[in-house]
Amino acid sequence: MALFSSRMIKRVLVAALVAIVPATAALAAGGGKAPREQDWSFAGFFGTYDTAQLQRGFQIYSENCSACHALSRVAFRNLMEPGGPEFSEAEVRAIAANYFIEDGPDSFGDMFERPGRLSDRFPPPFPNQEAAVAAMGAYPPDFSLLAKARAPTRGFPNFVFDIFTGYAENGPDYIYSLLTGYDADHVNPEGELGHYNPYFVNGEYIAMAQPLWDGMHVYQDGSPETISQYSKDVSAFMMWAAEPHLNARKEMGFRVMAFLLIFGSLVYMTKRRVWSTVEH
Amino acid sequence: MSTHSEPQAHGSEEPTRRDFLYIATVAMGAVGVGGLAWPFIAQMNPDASALALSTSEVDVGSMQPGDQVSVMWRGKPVFIRYRTEEEIAAADDVSVDDLPDPSARLDIDPAALATNEARSIAENPAMILMLGVCTHLGCIPLSEAGDFGGWFCPCHGSHYDTAGRIRRGPAPENLPIPPYEFISDTTIRIG
Amino acid sequence: MSGPSSYVPKTGVERWLDARLPVVRMMHGQFVEFPIPRNLNYMYTFGGILMIMLVSQIVTGIVLVMHYTPHADMAFNSVEHIMRDVNYGWLLRYMHAVGASMFFIAVYLHIFRGLYYGSYKEPREVLWILGVVIFLLMMATAFMGYVLVWGQMSFWGATVITNFFSVFPIVGDTLVQWLWGGFAVDNPTLNRFFSLHYLLPFMIFGVVILHVWALHVTGQTNPTGVEVKQKSDTVPFTPYATVKDLFAMVVFFALFAYFLFFLPNYLGHADNYIEANPLVTPAHIVPEWYFLPFYAILRAVPSALGGVLLMFGAIVVLFFLPWLDTSKVKSGSFRSVWFKAAFWVFAINAVWLGWLGSKPAEGWYVPAMQIGTVYYFAYFLIILPLLGLFETTKPLPASITDAVLSKAKTKTVASGAGQPAGATAAPETKG
């Protein structure tokens with residue numbers, strides 16, 4: 001967990017500046033409505049993924065999303081690597097075996113299907129984008145990078161504060177907001193076929209119907225079986241899928257910053273010593 | 001060097017303290033450079049996707065005596081040969097003492113001697129599985145060739161017998177046998 | 001340059017080499033004995049930082065090429081392969097991507113330091129022009145490198161930028177097809193950009209050597225703008241400049257590491273995590289942040305040809321700066337308040353244009369871009385030529401030594417204490 005909440009710092013900063021620049025702040029929301037910011041275990045300078053949450057997120061993905069959304073850059077072996085969902089090898093082998101992978105050619109020159117192995121990547125639900133559009137009416141985007149590809153730009157002044165608060169969770173915030181942002185009571189204007197969702201980046205109507213409902217997935221660890229919890233878990237899982245080395249990155253970052261602080265202090269003292277005899 | 005006009009105000013500074021600071025700074029810098037260098041070196045090691053491909057599977061159920069298949073394992077060919085009676089007899093008919101390389105070159109048992117039995121597949125001793133890479137300089141030997149009816153490397157003329165053992169030529173070792181296991185009655189997993 | 005070198009080869013091997021290729025003697029003369037003004041502040045450390053950043057980009061780039069595939073069907077996948085599978089691949093790729101931004105942060109500070117202290121004035125015109133050449137090469141390199149990722153913003157950025165050349169009458173279309181190697185940005189474009197992206201950094205390196213050579217012929221400027229007159233004005237490069245530059249580098253690396261490890265995608269664009277798709281254009285095509293001021297200038301006028309000419313003109317005008325500024329006084333610290341005001345407005349205007357560059361060319365943004373563009377050019381073409389003729393400048397110190405010693409007497413903060421350039425401009429420090 002983060003030692004301090006970056007959102008808290010940001011709220012103070014925003015409150016201070018919003019008073020000064022109300023006009024520009026209003027421009028902050030680009031295409032859709034600004035996503036609602038959530039508390040993420042992987043936010044902040046010391047944040048890391050919550051393994052249990054990633055496992056639940058994978059459950060939502062495989063039970064719900066995987067029928068339409070590919071995860072083609074993630075390999076089964078990734079599910080057992082440190083800093084990820086960290087399933088056991090036996091569990092991952094069982095997951096992989098549920099998928100059929102096209103392989104070949106065999107000695108007769110024919111392609112064949114075999115159960116997945118650790119080294120395989122998740123096979124896509126549709127052979128190509130055209131097939132997906134033909135079946136679904138719109139292309140369900142691949143999940144592998146979506147949490148980094150759907151990061152709504154943050155208007156002034158937020159993008160300035162983000163440097164100091166270390167805010168980098170635009171992607172999961174957006175996905176969470178989208179998944180929980182459907183309005184069942186909304187009546188479409190005539191001729192509009194999409195599903196109303198004010199958070200959608202590309203207009204207010206999205207082709208995907210609301211995918212998650214309370215109680216539709218059973219959690220083994222006693223987490224609440226709500227749309228909100230499902231959405232949060234799958235958003236976290238998608239962030240991991242897009243940035244699998246986040247834990248290692250932040251850990252190394254801490255060590256590098258500590259090194260630079262100590263080395264920088266030594267160099268500064270050396271510099272003072274060297275220049276101490278020269279007015280400058 | 002120090003000819004500038006400033007008085008050397010701290011010229012009488014105790015040299016040991018200054019030396020310690022300089023040495024500490026240089027040492028810390030060296031640690032930093034070393035730490036920075038490591039990722040640039042490590043990136044050349046086999047990556048995660050290459051390591052994950054360290055097993056191959058092959059179905060040998062339809063092989064007949066005299067058949068040979070090659071499967072890729074870690075980017076190299078592995079020979080699986082279902083040998084004929086004559087080839088087996090020829091392989092059995094050699095004393096280990098007469099071999100240039102007496103080791104069976106088994107990945108799982110480095111101490112084993114290069115008898116035909118040790119090198120054959122235990123589940124079906126007519127079959128043999130080994131890496132199809134000449135131990136001299138890495139060429140791919142031709143099968144059913146050479147003076148011993150086994151394999152012959154065309155690059156520099158190494159002759160292997162029907163158990164893949166070096167008999168004549170520059171190659172120093174028998175063809176190595178990688179780890180493998182039967183994962184079903186007819187399927188072998190290599191690696 | 002620095003007069004006869006006092007280098008004395010100590011060992012037999014050194015004497016042997018010195019008689020045949022005196023490279024150690026040259027390095028000793030240029031980077032150990034070389035006299036630097038004693039009053040340089042931290043704004044003068046960006047040259048060394050840029051050198052390190054160039055090396056960093058080249059080294060990380062060479063390593064990334066070991067895993068990258070320059071093909072339209074595989075480029076994006078190979079970048080993701082680097083990010084996911086290659087040992088420390090995520091680190092190396094983020095170092096290269098964030099490093100490009102850091103390179104530009106450093107080069108802009110370096111340029112603005114030069115603008116404030118008049119580093120382009122006689123006798124440093126060639127030094128300045130070489131710097132502008134490096135800046136141009138950097139922009140070309142950065143643009144082509146960004147295309148190699150082959151994400152949506154790579155592809156559409158490449159399409160927009162290469163289409164600049166289509167606005168030229170008669171030859172435009174032919175020229176653009178020649179750049180593309182086809183009828184749109186495609187695999188041939190990616191391949192030639194890859195080739196050039198690998199080549200250009202080494203050309204930059206070559207021009208940097210000329211830049212440093214020119215610098216060591218004329219010597220550095222300094223915050224007073226008074227040339228070095230006597231030995232006491234200077235200190236030897238080593239250890240004085242080396243240790244100070246090293247400290248500045250460590251501080252700069254801390255900033256670099258902060259973005260690299262905690263905000264690696266902050267300076268990039270989310271759309272570049274979507275693989276290039278020639279059938280779908282992103283809602284807003286924006287270049288990387290370091291091109292945004294020029295992108296605003298491009299779109300300030302309705303005419304496409306006019307916009308392109310203005311944008312190139314914004315760089316070309318820099319080549320003529322040494323002759324546009326008529327002031328005899330080099331350092332902005334000794335010029336009138338009007339110069340300081342004009343300079344800081346120029347700096348703020350550049351940031352403002354950058355922000356506008358990220359906005360669509362519609363509504364009130366357009367007149368804002370136009371005002372910003374007018375000021376950008378007016379600064380070089382009207383303010384600097386006229387101001388030098390009319391302004392009243394402050395009396396210059398007799399020498400660097402005089403300036404330093406009088407400042408030490410008044411017990412004011414030393415200019416080398418990490419103050420930004422503006423702080424040294426405070427008139428009270430000049431007594």
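As a basis for the values below, the full set of heavy atoms in this structure was taken, side chains included, without hydrogen atoms, waters or symmetry mates. Naming convention: chains lettered A, B, ... in sequence-line order (proteins, then strands); numbering from 1 in each chain.
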Would you say the side-chain atoms of [X] pair up with the backbone N or O of [Y], donor to acceptor, closer than 3.5 Å?
| X | Y | value |
| --- | --- | --- |
| B:Asp101 | B:Ile166 | no |
| B:Ser70 | B:Pro77 | no |
| B:Gln68 | B:Tyr82 | no |

Practice task
Verify whether one side chain among C:Tyr94 and C:Asn265 offers a donor that lies under 3.5 Å from an acceptor in the other.
Solution key: yes

Handout entry: Portion of B:Leu36 that has a non-hydrogen atom of chain C nearer than 4.5 angstrom
Key =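 Contact with chain C: side chain only.
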
Practice task
Check whether C:Val243 gets within reach of chain B through its side chain, its backbone, both or neither, counting any heavy atom under 4.5 Å.
Solution key: neither

Handout entry: Option in B:Gly29, B:Pro39, B:Ala42 with maximal non-hydrogen atom pairs under 4.5 Å from chain C
Key =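 Winner by heavy-atom pair count: B:Pro39.
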
